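Accompanying notes for the structure given below.
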Amino acid sequence: MANSRGRKVFMNMEETVRVRYAPSPTGEPHVGNIRTALFNWLYARHVGGKFILRIEDTDVTREVKGAVGAILDSLRWLGLDWDEGPEVGGPYGPYFQSQRLELYQAFAQQLVDEGYAYPCYCSPQRLEEMRAEQRRRREPPRYDRRCRNLSLKEREALAAGVEKPVIRFKTPLEGDTIFHDLVHGDVTFTNAALDDFILLKSDGYPTYHLANVVDDHFMKISHVLRADEWLASTPRHCLLYQALSWDPPQFVHLPMILGSDRAKLSKRHGATATTEYKKQGYLPQAMVNFLALLGWSLDDKTELLDRKELVRHFSLERIGKTAAIFNLEKLRWLNGVYLRGLSIEELVKRTLPFLEAGLPSIVARPLSKGYVSQIMPLIQERMRTLAEAVELADFFFIDELDYDASLLKVKNISTDVSGQALIASRDRIAALSTFAAGALEGVLRPLAGEMGLKTGQLFGLLRVAVTGRTAAPPLFETMAVLGRERCLKRLEVALTKMENLS
RNA sequence: GCCCCCAUCGUCUAGAGGCCUAGGACACCACCCUUUCAAGGUGGCGACAGGGAUUCGAAUUCCCUUGGGGGCACCA
């Protein structure tokens, strides 16, 4: 059937939607990669299908220890739960490709037996020389098919040699391979432009092409949502499905996420690992919202969508096709929005670890949760990340403020007058019966007028004295949280600093 | 080099032939609020890559050019 946008969407009522996220454990999951996971998850949850996690550990040389754990952590952090896969199992396991080797080998053999594939004895060195030669002649780098039509005798002779063969797919020399992509529509590739790609490596491990086709088939994957970089490989997969007489899944190629220089997002562009954003103090809900909007949109105005709303509204039809640049500024804004939406209790819980880790070591640990709870309302709307709480609130914790005495200078006011203002403020504060924001304002605001100062001038002076900085949360609330003793002490220190100034 | 994909403000995007004088958001600028910084409010700046064609009418359809991206491994 055709939907209202004209794209073909095949509704499969009797078979449930089964999608998968299939990362390879080569390091920390990339945000672009996790966006793919998110889209798969959103689609599965939207239609009530299954979200499967499969680990594509078929490259022994690139495997990084701990990477699987990092992948699981990233998914869990974002709240993307999987129905089948590591730790939860499922009816179509195992979900680690390294545990399915016999399966790939069996089908590679079947393809050889049926004439769809062949063993290739060319050494890596020979292939490298071949490619170098092709580059020199400005030809497209591609396997020259030397082993494609070996006679039985030649093959036996080579098999006796030292080179362990790889299995290559016998790509049709003619014709086109056409497939339908749910976001791109029909895409046509000329078979002649494809080469005889490797299915099985000499170490017995499959390449991505073979493994993903075999697994997607046996795991009954209905839709393959993956990044655009895979589009060019899709005809190979189609050819494989054909050779194996299997029905291919629906293909859905997602727009890529690019760095600020429009190149594929990489380490050069700053933080790319999902866990890195967690460490920097981004909220998972902000991350999910932000990532969802990279390549997908609800309408012409909605920017804020929580997890539930995303699940409810997510649709393949609204996936875009243009690559998106990862806009850190917008993420920061969005994170601020979510931070402001948190209850104080929740905010304290989330911020505490960042304060514990970021505050100077002279500050006594553990931090008082009650004290932090008083501070949070004052910095909540100023935070863009949890980590920023440290710089925003450190003066609440540090006893000896380190600031330049020149900050105590008030424009057009002599230090003499400033000093008197400080003394008068100190005296009034000391005499206060209740040390609260309202009371403080009640005695200090009139003081400004009495001394012939503008409120801004007096408050600015006090702000520096009390916080050591010119930009801080509202003065009276801040003083109230700091407490009388600390405020009085800081005023004394300011007085001393000011004397040295003149 | 070859193959494929893509093309609206700086960025993320809305737009499915007349609702477009092209809408929203981030960023930026101004103003308001205000004890500073934020937050919030109001306003502003700012785009259909170019050229043809189809049509009464094109950001929207088609073609070409240009630009950008991706792929062309015993990596995924």
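Every chain is numbered from 1 and lettered A, B, ... according to where its sequence line falls, protein lines coming before strand lines. The structure presented is a predicted model; accordingly, all values stated were derived computationally and were not measured.
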Check: L407(A) main-chain N/O paired with D404(A) side-chain donor or acceptor under 3.5 Å: no
Rounded P spacing from rG23(B) to rC9(B) in Å: 14 Å
Sugar-phosphate, base or nothing in reach of R469(A), heavy atoms under 4.0 Å: nothing
base_contact_polar (rC74(B) base, S202(A) side chain, donor-acceptor, <3.5 Å): yes
Any donor-acceptor N/O pair under 3.5 Å between rC72(B) base and R142(A) side chain: no
Presence of donor-acceptor pair under 3.5 Å, side chain of E303(A) and base of rG24(B): yes
Residue pair S98(A) / D57(A), side-chain donor-acceptor N/O under 3.5 Å: yes
Sugar-phosphate only, base, or nothing, as touched by E139(A) at under 4.0 Å among non-hydrogen atoms: nothing
Whether Y116(A) and F169(A) hold their rings parallel, tilted or perpendicular, with breakpoints at 30° and 60°: parallel
Between P of rC37(B) and CE of M383(A), the distance in whole Å: 20 Å
Sugar-phosphate, base or nothing in reach of T188(A), heavy atoms under 4.0 Å: sugar-phosphate
Nearest to side-chain heavy atoms of R236(A), which nucleotide of rA25(B), rA27(B), rC72(B): rC72(B)
Pairwise C1' distance for rC33(B) and rC26(B), with rounding to whole Å: 23 Å
Salt-bridge contact D144(A)-R131(A) (side-chain N to carboxylate O under 4.0 Å): no
Span that lies between the P atom of rU54(B) and that of rC63(B), in whole angstrom: 15 Å
Touch class at under 4.0 angstrom, heavy-atom based, for D299(A) against every strand present: sugar-phosphate
Sugar-phosphate, base or nothing in reach of A323(A), heavy atoms under 4.0 Å: sugar-phosphate
